[in-house]
Amino acid sequence: MSQKWDERYKSTDFAYGTEPNVFFREWLPAFTPGSILMPADGEGRNGIFAAQTGWKVTSCDFSTEARSKAMLLAREKQVALEYLVGDFSLLSFQPASFDAIGLIYAHLDSPDKSVFHRQLNGYLRPGGIIILEAFSKQHLHYKQLNPGVGGPGDLQSLYSKTEITADFHNYDILLLEEEVIFLQEGSFHVGEGAVVRFVGRKRGDDVTR
């Protein structure tokens, strides 16, 4: 896995650009900054945006090449972030230690997705926020029409609203929708694609909603 992503990120160009994901950029400012976990943060465009808006950022990815690019971009933008490299399942954080989690195109094979989501749930405090955008199961059609839009080529790695509501059943849903959007993110997300978008707040007895 690390070899695949090192190959993707070793170019001097930023594979998905340097601007944050549009959905993430729209939603993150709605919440009070705190600590945010960014799994699969790649070259850091989304984690760096979070840092620019006052969040304390912990980014993770498989790729050392991605980390190098992210740290370079962070210096250019004059922000700080912690960036860990490795298999996320082997990384460990304190329970309830993050105020938010950003999941932007963090695709894993099923049933690994549900295991991954349960792990993330443990790291998020009650009242914490998840912001997720990922390709939906309808995306295979768009990928066949235009491989340049990117995304997994197998159904199991793609998302559905049903899966999200099951995996995040202990969340108040602030937004959950499937839609077709036009992506313009670097060289690897270009064109029309089908996505799932989710914003949820983790429930807890001490949370005022």
Side-chain angles (χ1 to χ4, degrees), residues 1-2 4-6 8-94 96-108 113 116-117 119-125 128-135 150-151 159 183-189 195 197-202:
M1 184 66 74
S2 61
K4 169 190 172 181
W5 290 107
D6 278 343
R8 171 70 53 89
Y9 294 132
K10 72 179 183 180
S11 169
T12 55
D13 293 332
F14 280 74
Y16 300 99
T18 58
E19 293 299 312
N21 170 265
V22 170
F23 181 66
F24 187 68
R25 183 179 64 204
E26 289 175 351
W27 271 91
L28 187 65
F31 306 106
T32 302
S35 58
I36 186 168
L37 180 62
M38 301 292 301
D41 199 28
E43 295 160 310
R45 63 194 177 103
N46 295 307
I48 288 166
F49 170 75
Q52 288 177 307
T53 54
W55 291 81
K56 180 182 178 183
V57 180
T58 301
S59 295
C60 312
D61 206 281
F62 287 107
S63 170
T64 56
E65 295 284 352
R67 183 187 186 279
S68 296
K69 301 269 282 293
M71 301 312 289
L72 180 68
L73 186 61
R75 287 194 295 272
E76 179 184 316
K77 301 290 187 181
Q78 299 183 332
V79 296
L81 71 161
E82 182 179 13
Y83 197 117
L84 306 176
V85 175
D87 186 329
F88 189 83
S89 66
L90 303 178
L91 299 176
S92 182
F93 303 98
Q94 290 297 315
S97 56
F98 291 96
D99 300 298
I101 296 174
L103 284 177
I104 306 301
Y105 298 105
H107 287 275
L108 295 173
K113 280 188 300 187
F116 176 52
H117 293 161
Q119 188 178 4
L120 291 175
N121 180 64
Y123 296 145
L124 190 66
R125 68 166 180 83
I129 296 294
I130 283 184
I131 301 174
L132 179 154
E133 180 172 287
F135 290 115
Y159 279 71
L183 285 159
Q184 185 69 59
E185 299 184 324
S187 302
F188 289 90
H189 280 173
V195 301
R197 289 169 160 176
F198 169 62
V199 182
R201 179 184 285 116
K202 185 177 178 180

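What you see below is based on every heavy atom in this structure, not just the backbone, and it leaves out hydrogens, waters and symmetry mates.
Judged by distance alone, with hydrogens and angles left aside, the side-chain atoms of Lys202 form a donor-acceptor pair with the main-chain N or O of Leu124 at under 3.5 Å. A distance-only check finds a donor-acceptor pair linking the side chain of Glu43 to the backbone of Ala15 [under 3.5 Å]. In terms of modelled atom types and a separation under 3.5 Å, the side chain of Lys56 and the main chain of Ala80 share no donor-acceptor contact. In this structure, Thr64 contributes its side chain and Val85 its backbone to no donor-acceptor pair below 3.5 Å. The backbone N or O of Asn21 lies less than 3.5 Å from a partner atom in the side chain of Asn46, making a donor-acceptor pair. Distance alone, capped at 3.5 Å, places no donor-acceptor pair between the Arg45 side chain and the Gly17 backbone. In this structure, the side chain of His107 does not engage the main chain of Gly151 through any donor-acceptor pair within 3.5 Å.
Counting heavy atoms from C-beta outward, Glu185 and Tyr105 have side chains that approach closer than 4.5 Å. Side-chain atoms of Tyr16 and Ile104, non-hydrogen and from C-beta on, never get closer than 4.5 Å to each other. In this structure, Val79 and Val57 have side chains that are not in contact, with every pair of non-hydrogen atoms separated by 4.5 Å or more. Under the 4.5 Å side-chain criterion, counting only non-hydrogen atoms from C-beta, Phe23 is not in contact with Val195. With contacts defined as side-chain heavy-atom distances shorter than 4.5 Å, the pair Pro39/Leu37 qualifies. Side-chain contact check for Leu81 versus Trp55: every heavy-atom pair is 4.5 Å or farther apart. Two residues are said to be in side-chain contact when any heavy atoms from C-beta on lie closer than 4.5 Å; Phe62 and Asp87 meet this criterion. Using a 4.5 Å cut-off on side-chain heavy atoms (C-beta onward), Thr58 and Tyr123 make no contact.
Nearest heavy atoms, Gly42 versus Ala70: O-CB, 4.2 Å. Contact between Ser59 and Asp41 at its shortest, heavy atoms only, is OG-OD2, 2.7 Å. Residues Ala74 and Ile48 share a closest heavy-atom pair of N-CD1, 3.5 Å. What you find for Ala66 and Tyr83 is that their closest heavy atoms are CB-OH, 3.6 Å.
Atom CG in Leu91 sits 6.0 Å away from atom CG in Leu84 (nearest 0.5 Å). Of the inter-residue distances, the one linking Glu82 atom CD with Met71 atom CE reads 9.5 Å to the nearest 0.5 angstrom. Going from atom CZ of Phe93 over to atom OG of Ser35 covers 11.0 Å, rounded to the nearest 0.5 Å. A distance of 15.5 Å separates CZ in Phe98 from CD1 in Ile129, rounded to the nearest 0.5 Å. The OG1 atom of Thr53 sits 4.5 Å away from the CG atom of Leu28 when rounded to the nearest 0.5 Å. Considering CD of Glu26 and CZ of Arg197, their distance stands at 6.5 Å, rounded to 0.5 Å.
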* Hey, mind stepping through Ile36 and Phe31 against side chain to side chain contact (heavy atoms under 4.5 Å, CB included) and telling me if it holds? -> CA-CA 11 Å; Ile36 186 168; Phe31 306 106; over 6 Å; no

* To do: Let me see the working for Phe49 and Met38 under side chain to side chain contact (heavy atoms under 4.5 Å, CB included), right down to the final yes or no.
  => CA-CA 11 Å; Phe49 170 75; Met38 301 292 301; over 6 Å; no

* Start with the C-alpha distance between Leu103 and Phe198, add both sets of side-chain angles, then the distance that settles side chain to side chain contact (heavy atoms under 4.5 Å, CB included), and finish with yes or no. => CA-CA 9 Å; Leu103 284 177; Phe198 169 62; over 6 Å; no

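Checked by atom type, the side-chain pair Ser63/Asp61 shows no donor-acceptor distance below 3.5 Å.
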